[in-house]
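Worksheet for the structure shown next.
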There are 4 protein chains.
Amino acid sequence: MGAVKTRRMPRAVREQQMLDAAVQIFGRRGYMAASMDEIAELAGVSKPLVYLYLNSKEDLFTACIRREAGTLAEAVRAGVRPGLPADRQLWDGLRAFFAHTAGHPHGWTVLHLQARTHGERFAAEVAALRAEIVAFVTRLIAAAAREAVPPAPGCVRAGRDTRDGDLPDQEVTGLAEALVGAAESLAAWANTTPGVTSRQAAATLMNVAWSGLGALMEGRPWTPPAVDPAVS
Amino acid sequence: MGAVKTRRMPRAVREQQMLDAAVQIFGRRGYMAASMDEIAELAGVSKPLVYLYLNSKEDLFTACIRREAGTLAEAVRAGVRPGLPADRQLWDGLRAFFAHTAGHPHGWTVLHLQARTHGERFAAEVAALRAEIVAFVTRLIAAAAREAVPPAPGCVRAGRDTRDGDLPDQEVTGLAEALVGAAESLAAWANTTPGVTSRQAAATLMNVAWSGLGALMEGRPWTPPAVDPAVS
Amino acid sequence: MGAVKTRRMPRAVREQQMLDAAVQIFGRRGYMAASMDEIAELAGVSKPLVYLYLNSKEDLFTACIRREAGTLAEAVRAGVRPGLPADRQLWDGLRAFFAHTAGHPHGWTVLHLQARTHGERFAAEVAALRAEIVAFVTRLIAAAAREAVPPAPGCVRAGRDTRDGDLPDQEVTGLAEALVGAAESLAAWANTTPGVTSRQAAATLMNVAWSGLGALMEGRPWTPPAVDPAVS
Amino acid sequence: MGAVKTRRMPRAVREQQMLDAAVQIFGRRGYMAASMDEIAELAGVSKPLVYLYLNSKEDLFTACIRREAGTLAEAVRAGVRPGLPADRQLWDGLRAFFAHTAGHPHGWTVLHLQARTHGERFAAEVAALRAEIVAFVTRLIAAAAREAVPPAPGCVRAGRDTRDGDLPDQEVTGLAEALVGAAESLAAWANTTPGVTSRQAAATLMNVAWSGLGALMEGRPWTPPAVDPAVS
DNA sequence: CATGAATGAGCGTTCATTCAT
DNA sequence: TATGAATGAACGCTCATTCAT
């Protein structure tokens with residue numbers, strides 16, 4: 001392990017090596033437990049060079065987060081073709097997401113666990129990525145609602161108006177949050193459970209999510225029990 | 001701030017004070033950034049006493065995790081009445097889960113973020129809790145399937161056999177994982193987004209999840225597109 | 001060298017040992033070149049203890065400056081008896097000053113050289129001491145002027161009014177500055193030149209200074225040549 | 001800021017640019033806090049070139065000291081015309097000294113503060129300059145004594161023989177030391193106190209010093225009190 | 001002549017942990 | 001029971017200095 005000691009590399013290359021090493025160490029040990037010494041050694045350079053190029057531990061961590069967030073977002077974006085129906089887009093996005101996280105476990109750990117655990121400054125970096133994905137999912141849900149709506153012109157389903165605005169914004173966001181959380185959870189599960197492919201994980205999620213959304217939008221929601229006064 | 005300085009407390013009480021302080025500090029600062037000095041000070045005792053009772057930082061953290069996992073599990077257990085229908089049990093469990101995490105933010109942070117980011121040793125502790133919850137949800141899903149299946153004896157739904165075993169174990173576990181992940185994500189969302197109550201979060205989740213499960217078990221799953229040979 | 005390793009000392013004692021060591025090292029190496037390691041070793045304690053008691057290198061240096069400035073000021077104050085004539089007070093003050101600086105060379109170096117060379121923050125600390133001494137000298141000069149004035153009641157010397165206000169404030173301050181600077185210079189000279197006692201140094205300075213002041217106050221100043229237009 | 005980037009300069013010029021930059025940085029930050037990076041950048045050259053021309057930080061600092069000492073000495077020398085009376089020579093020398101230090105504050109800081117605070121090696125460099133100035137002043141005092149002595153042939157002043165040898169060498173040196181110290185102190189005072197010109201500072205010093213010397217040489221010294229046996 | 005790339009060595013600071021009382 | 005006193009070990013960061021081109 002540890003890059004072959006090749007001297008005199010151009011700066012850009014060295015920087016990527018350092019980021020590779022840093023993502024690995026940060027993913028394994030966590031931000032605080034990771035030592036710059038270990039990162040430098042794994043990158044095959046001396047510590048001062050890491051500081052020369054990346055300034056500080058904080059900046060290095062931020063650079064890791066940005067790079068990993070960028071490649072993950074790009075992977076999902078590349079997996080989705082905008083023209084297709086909403087369910088197909090979601091399916092493709094999920095497949096790309098599971099595939100990328102499975103292929104970059106350290107990067108995923110950095111984004112999913114480490115960045116959110118060590119200070120607002122880092123959490124904010126990932127929050128942008130998450131917000132982008134949640135927005136993407138939100139758009140798909142809205143699109144699905146629109147596609148699903150016009151069953152019969154003039155038809156009104158049981159006491160509910162079923163135009164797009166059928167689902168309040170906040171509920172849509174909540175649904176997107178739930179879906180993203182489920183996906184994150186399944187990614188970890190699929191990546192650590194032998195015998196589960198990322199395709200199966202995606203299928204499982206689509207199954208429950210898309211059907212649930214359909215039922216929801218067709219006006220067949222699950223009804224909570226009347227408020228139990230003892231629990232509020 | 002900090003417990004009132006009362007001398008000569010029985011050991012059990014002192015230990016709880018220390019754990020209270022530790023959970024708070026670990027939750028606020030994270031495992032590594034938390035200092036034994038600060039914990040001892042907040043607990044109102046001297047540092048050697050912390051070591052006398054709890055041996056080391058690792059052991060102290062483990063004790064925190066165990067206690068918080070125990071109280072969370074107990075809260076969920078207490079919220080559910082076994083005799084009721086599966087959907088009601090799930091609803092009650094979710095409500096209890098959201099309520100407890102909202103009421104113990106430091107404890108929840110310790111379990112959800114800190115314990116999973118600082119070494120296998122701690123992650124394993126929470127994994128046990130998560131496994132218990134996933135198992136609980138898995139049982140409910142299975143029960144729901146059983147309840148849903150025999151709608152009319154002799155009825156056979158479109159080409160699929162719809163007994164319990166209809167859904168393979170692995171898929172059920174996957175569904176449970178997804179549901180738990182969605183719940184975790186929604187807990188964070190509801191706890192940090194103003195205007196969203198934990199009840200609404202629970203309702204949103206039940207809506208999509210239960211409807212989705214119903215559709216699944218009635219043999220109307222979402223069908224993935226045929227494998228695109230170009231992407232595998 | 002280095003205190004005998006005596007364990008478990010009360011805090012106040014240890015702090016003085018640390019300050020002793022720090023003054024010595026700071027005096028010898030300068031603020032920046034002094035290492036906390038060396039100071040701790042000379043004090044006979046571990047480095048963390050130095051930080052526990054004195055917080056940081058800056059604070060340690062400040063503490064050194066304050067202590068040395070305090071003892072020097074105290075020594076001068078103790079050497080002067082307020083009731084005596086101005087020349088006697090100045091003489092006693094000089095003797096005390098030379099004696100103290102000769103007896104505490106490291107402390108004097110810290111005050112005179114190091115503190116003024118390493119940042120405004122430290123310079124300001126010594127400035128207070130210096131201001132006190134300059135003020136003391138200023139008072140003596142003014143007193144001398146008052147004593148010298150009434151040679152004959154009604155007598156007016158050549159075109160100059162010879163009350164106290166005779167010498168403008170700024171000039172008095174300048175004189176005090178000059179005298180203090182001369183004293184500092186002579187202290188270094190006497191302390192490093194073999195065969196020169198601090199008594200001789202004091203006598204030399206009194207000789208020129210007091211006579212000069214006398215001449216000045218009697219209205220026989222040295223007259224600068226007319227302004228040479230070539231030099232401005 | 002920083003020299004315009006002009007390539008291919010002759011070595012001598014480049015060296016001067018480096019020394020200019022170094023004096024400025026050393027003066028501002030102090031010897032240890034000054035970084036070769038900053039100096040090279042301010043000089044507009046790359047760091048290896050600084051090492052190529054000036055070997056090391058120590059050598060660079062030494063070169064700075066030598067150059068600044070040289071220009072200061074030269075300025076004083078140029079300000080004094082040997083044929084004139086001693087008091088006029090001293091006055092001119094002081095004026096030149098104050099003017100040069102005021103005009104080269106970084107250089108003066110390097111000589112007066114930095115060089116004396118960072119090791120014998122550098123202190124010795126400035127000591128040479130100081131010795132030269134002290135020697136110059138010593139000569140002037142001696143000349144003044146000679147001028148002052150033969151006021152009236154045959155005249156003998158109160159019990160003291162007043163030829164040149166009247167003042168022992170050591171005392172003359174001490175006087176010169178005092179005067180130089182006073183000048184240094186006044187230079188700092190005049191350069192930092194608004195409303196005080198270097199001309200006033202010089203006048204103040206001449207006033208007290210020359211009158212004092214005069215009184216001294218005319219055999220009217222200040223007499224120290226009898227040794228107080230209690231104090232030694 | 002000039003520089004981008006690279007490092008050995010060391011420093012200020014902190015922290016979990018223990019001893020002696 | 002409880003604590004003031006003390007430390008070994010490590011970490012983030014910087015800097016003077018040198019290759020290789």
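Note: hydrogens, waters and symmetry copies are ignored here, and every other heavy atom, side chains too, is used. Note that the structure is predicted; figures quoted are calculated from it, not measured. Quick note on labels: first sequence line is chain A, next is B, and so on, each numbered from 1.
Checking A:Tyr31 against C:Tyr53, the closest nucleotide of DNA chain F that is more toward the 5' end is the one next to C:Tyr53. Each of D:Arg11 and B:Ala34 was matched to the nucleotide of DNA chain E holding its nearest heavy atom; the match closer to the 5' end belongs to D:Arg11. Both A:Ala33 and D:Met36 lie near DNA chain F, and the one whose nearest nucleotide falls closer to the 5' end is A:Ala33.
Under 3.5 Å, the side chain of B:Lys57 and the base of E:dT17 form no donor-acceptor pair of N or O atoms. For D:Lys47 against F:dT17, a side-chain N or O and a base N or O form a donor-acceptor pair under 3.5 Å.
Rounded to a whole Å, the CD atom of B:Gln17 is 10 Å from the P atom of F:dA2. The separation between D:Met32 atom CE and E:dG12 atom P is 10 Å, rounded to whole Å. One atom, CG of A:Leu60, and another, C1' of F:dC11, lie 15 Å apart when rounded to the nearest Å. Taking atom CZ of residue A:Phe61 and atom P of nucleotide F:dC13, one finds them 14 Å apart after rounding to whole Å. Whole-Å rounding puts the D:Leu52 CG to F:dC19 P distance at 13 Å. In this structure, A:Ile25 atom CD1 and F:dC11 atom P are separated by 12 Å, rounded to whole Å. Atom C1' of nucleotide F:dT18 and atom CG of D:Asn55 are separated by 13 Å, given to the nearest angstrom. If you take CD of D:Glu58 and P of F:dT17, they are 8 Å apart, rounded to a whole angstrom.
Comparing F:dA6, E:dA6, E:dT17 by their nearest atom to the side chain of A:Arg14 picks out E:dA6. In the set F:dA6, E:dG4, E:dC11, the nucleotide with an atom closest to the side chain of C:Asp37 is E:dC11. Each of F:dT18, E:dT14, F:dT7 was ranked by its minimum atom distance to the side chain of C:Leu49; first place goes to F:dT7. Each of F:dG12, E:dT17, F:dT3 was ranked by its minimum atom distance to the side chain of B:Pro48; first place goes to F:dT3.
For F:dT14, neither phosphate oxygen OP1 nor OP2 lies less than 4.0 angstrom from any side-chain nitrogen or oxygen of A:Tyr51.
The only option from B:Arg29, B:Lys47, B:Lys57 that meets the salt bridge (charged side-chain N to carboxylate O under 4.0 Å, His left out) definition with B:Asp37 turns out to be B:Lys47.
The ring of B:His104 has its center no closer than 6.0 angstrom to the ring center of B:His112.
Residue-environment remark: CZ (D:Arg67) exceeds the threshold of 12 foreign heavy atoms within 6.0 Å.
A 3.5 Å limit on both hydrogen-bonding distances identifies F:dC19 as the Watson-Crick or G-U partner of E:dG4.
Between D:Leu60 and D:Tyr53 the shortest side-chain heavy-atom distance does not fall below 4.5 Å.
To the nearest 0.5 Å, atom OG1 of residue A:Thr117 and atom CZ of residue A:Phe122 are 11.0 Å apart.
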